[in-house]
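Written below as structure tokens is the structure these notes are about.
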There are 2 protein chains.
Amino acid sequence: MADATAPDPSVAGASVKEPRPIAEQTKPHRPMTSRDLARALGVSQSMISRAFSSQASIAPAMRMQIMDAAAAAGYRPNVVARSLSTRRSNIVGIVMAGMTNPFYPELLERLTRALQEVGLQTLLFHAPPGEDVDGQLPLLMQYQVDAVIIASAPISSGMAQTWLATGRPAILFNRSVPGTDVTTVACDNVAGGAAVADLFARLGRKRIGFVGGRADTSTNADRERGFTDRLNALGLPLHAHTAGTDYGYEQGYAATLRIAPSKPDAIFYANDITALGGMDALRQELRLRVPEDVAVVGFDDIPMAAWPAYRLTTLRQPVEAMIAATVSYLTAHMESAAPPEIHVLPGQLIERASTGLTPPRTNRRRASSRSGHDPSSPA
Amino acid sequence: MADATAPDPSVAGASVKEPRPIAEQTKPHRPMTSRDLARALGVSQSMISRAFSSQASIAPAMRMQIMDAAAAAGYRPNVVARSLSTRRSNIVGIVMAGMTNPFYPELLERLTRALQEVGLQTLLFHAPPGEDVDGQLPLLMQYQVDAVIIASAPISSGMAQTWLATGRPAILFNRSVPGTDVTTVACDNVAGGAAVADLFARLGRKRIGFVGGRADTSTNADRERGFTDRLNALGLPLHAHTAGTDYGYEQGYAATLRIAPSKPDAIFYANDITALGGMDALRQELRLRVPEDVAVVGFDDIPMAAWPAYRLTTLRQPVEAMIAATVSYLTAHMESAAPPEIHVLPGQLIERASTGLTPPRTNRRRASSRSGHDPSSPA
DNA sequence: AGGCGTTTTGCATCCGGATGCAAGAACGTT
DNA sequence: AACGTTCTTGCATCCGGATGCAAAACGCCT
């Protein structure tokens, strides 16, 4: 590794072929600038700039000529310089806390792609696990990102205000912070929880349990509230309950062993990955059958939920719609300061074998996991 | 899907509220600049700049004073402006092709974190599935990223040269392109494949099969080659073989059904996610037992491989070491043009129940998935 | 106090494009 | 042909920090 710094010509044995044009190799190769191109074409630098700005006034013929020359010469505008002038970086910061839940990687990919389609790039930040994003925001501000999307990490309301004072949009994705005026895009977790309660009632289950995710997240609280409120309304008591420590396979596994002694016949897990851990605990460790002994429901509809080994009934989040809402909000409010909006989009109950195949859907033609879009229209 | 574009407020479940203090919100609030701070302190702008540059010559007392004032006033250097001057953005572009394989999200998270620790941010690009990254590189160049890490997508050798001509480092992560002089960091896939062959031989399996991943990837080719070469050396014929179409759960499932008629008693899948699909096909669809009827081995050691439902024997990639190699290469060669290096790091066979618990390791104390660092030091 | 070597500061300029303003060109009108 | 419009184009300057160079300040020694 050190040899590259000073290739000693006196060292023998090394069959290094080095023509060594000492002047050549140190050529930093500065990329061509708009002024270079301008000079070559005998026009002013402004013209180059205008040629690349769709809204500038420039003769079509001139633009063509410049674009052709640029393509030929390999000129590309320097985005950093442009950002400095325009104060717009066309970069969106995304803050995530962990990729252990497969819901997030998929979300990240689709979000990134959707942003790319409208010309926005993604600067990715990982909040240290268990912490809020306050520590990351100053960095994001330094990088002049045009907006932030905060998924899977809480933000303090003070820091939220600080960010909003910059006049740039912020979006809380799939979580909400009550005391804050921040735009939120989320699945209707309360309604989702209620739908699960309805399902358990319909199935005639009596000893109903709930296994939570991270206790301090709004998703967890809302799902639980929707669930228990509806149960109460139906006159069904919540039989067993475990306050969650975190979303995760291990946590689901452990929590299930903890509530097993109360013999639940149905369990709602705060999300899919936790439910999968729960199913494994039920079957592998407790030797119980799903759904015969225990019906299991999760939340999110991650790809694995559809796998033959699990066939997990779950509440599918309307990811497509959530992303669309996010992107359209961002593009609409990138210019001017944005009034906060709260978007709560309905999820969809996907019934699979983990709750038994129920009457409503006799045709179960989705053998493999969902590919492409779901034919059934949400809304 | 069309409903998301314009969230109709009349749709139940979707709500939009806006307090809208119309006068307040239009304040542009330009952030403070170094000149503002300088004026406030009665010093020159250069001093502010130097205070934030660790290598600049500035009186310690002055720096302290400036830093304090900056903290008090909330001043933070504008990274975009700095990038323009220094031609260094401190941003690394990472190109990925798909997050369906859980190996990649985890990698992305750890890589991002490791980069953050040395002051580098991550600009994330997704190559359209099935395409090479050539289309993305011009964008990356425009964004003046200091380096690229290409994981999970091929690059043409021409484009690689174009990139390298910029004098910025590029790293192919977990893949290699033969005809190109690009630095590569990868697991020793050939040795890994060979280790699996050894394992099957040790288990006394005779009807051995291989299920490939994406045919045009170096990982797939190397794993297969290492595997079959060693089998040949051991005098074992490759009994069944399926050219892969792609890495993925579905592909593993389908490929397994395809080779099932040949009655293999051991199958090596080119990666874990494919192997999981294969196991589900074997057990759910073909009613075969693993490992009694068929021994199964994957590659990567994704978290799910350790789940009780699978307990998949696999070849763990030395992710920690691969990331370390990547980061140290980047930091070392960010300044000057970099000679290409090839890092091939050894993986580790993790034996689990999918091949039967074999004598070598009686103590199986890794019940939960790996946490923390791997004890084996890969030098 | 005077002289000299070292630090510390300030000045001016640069990084690569964007853009308001006014000069210049092209076009239409009477 | 002269004049008013509308389009194009060039000029100058700005975006916010970094940095080479020289002036200024400081420390030390005789």
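Chain letters run A, B, ... following the sequence lines, proteins first and then strands; every chain starts at 1.
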I'd like to know if A:Arg113 pairs up with A:Glu109 as an ion pair, taking the criterion as any Lys NZ or Arg NE/NH1/NH2 lying under 4.0 Å from an Asp or Glu carboxylate oxygen. yes

Where at least one partner belongs to residues 47-64 of chain B, residue pairs that pass side-chain hydrogen bond (donor to acceptor under 3.5 Å, both in side chains), sequence neighbours excluded: none

Please give me every residue in residues 33-41 of chain B whose heavy atoms get under 4.0 Å of an atom in DNA chain C, ordered by residue number. none

Are the side chain of B:Trp163 and the backbone of B:Gly158 linked by a donor-acceptor contact shorter than 3.5 Å? no

Check each residue of residues 48-61 of chain A for a non-hydrogen atom within less than 4.0 Å of any atom in DNA chain D, then write out the ones that pass by number, or none. A:Arg50, A:Ser57, A:Ile58, A:Ala59, A:Pro60

I'd like a table of atom pairs between the protein and nucleotides 24-27 of chain D - only N or O on both sides, under 3.5 Å - with the distance next to each one.
none

What pairs with B:Ser156 under side chain to side chain contact (heavy atoms under 4.5 Å, CB included), at least two apart in sequence or on another chain? B:Asp134, B:Met159

Mind grabbing the angle between the end helix axes of the helix from C:dA1-D:dT30 to C:dT30-D:dA1? Five pairs an end, 10° rounding. 40°

Before accepting this row, confirm whether a basic side-chain N of the pair B:Glu106/B:Arg110 lies closer than 4.0 Å to the acidic partner's carboxylate O. yes

Counting only pairs under 3.5 Å, give me each side-chain donor-acceptor contact of residues 81-98 of chain B, with atom names and distances, residues two or more places apart or in other chains.
residue: B:Ser83; atom: OG; partner: B:Val79; partner atom: O; Å: 2.8
residue: B:Ser83; atom: OG; partner: B:Arg88; partner atom: O; Å: 3.4
residue: B:Thr86; atom: OG1; partner: B:Arg82; partner atom: O; Å: 2.8
residue: B:Thr86; atom: OG1; partner: B:Arg88; partner atom: N; Å: 3.2
residue: B:Thr86; atom: OG1; partner: B:Arg88; partner atom: O; Å: 3.3
residue: B:Arg88; atom: NH2; partner: B:Met334; partner atom: O; Å: 3.2
residue: B:Ser89; atom: OG; partner: B:Ile91; partner atom: N; Å: 3.3
residue: B:Ser89; atom: OG; partner: B:Gln144; partner atom: O; Å: 2.7
residue: B:Ser89; atom: OG; partner: B:Asp146; partner atom: OD1; Å: 3.3

Side-chain contact, heavy-atom cut-off 4.5 Å: A:Thr33 with A:Asn78? no

For residues 68-91 of chain B, which residues have at least one heavy atom under 4.0 Å from DNA chain C? B:Leu84, B:Ser85, B:Arg87

Side-chain heavy atoms of A:Leu123 within contact of B:Tyr143, under 4.5 Å: no

With sequence neighbours left out, the residues meeting salt bridge (Lys or Arg N to Asp or Glu O under 4.0 Å) with B:Asp36 are B:Arg39

Check whether any side-chain heavy atom of A:Thr183 sits under 4.5 Å from a side-chain heavy atom of A:Tyr329, and report yes or no. yes

Walking along DNA chain C from 5' to 3', note the first and the last nucleotide with an atom under 4.0 Å from a heavy atom of chain B, and give both. C:dT8 to C:dG16

Can you pull the ring-ring contact (aromatic ring centres under 6.0 Å, His included) pairs that have at least one residue in residues 47-66 of chain A, sequence neighbours excluded? A:Phe52-A:Tyr75

Kindly indicate whether the side chain of A:Arg168, heavy atoms from C-beta on, has any atom under 4.5 Å from the side chain of A:Met141. no

Does B:Gln116 have any side chain to side chain contact (heavy atoms under 4.5 Å, CB included) partners at least two apart in sequence or in another chain, and if so, which? A:Phe125, A:Gln136, B:Thr112, B:Gln121

Report, as yes or no, whether the 6.0 Å neighbourhood of atom CE on B:Met32 holds more than 12 heavy atoms from other residues, nucleotides or ligands. yes

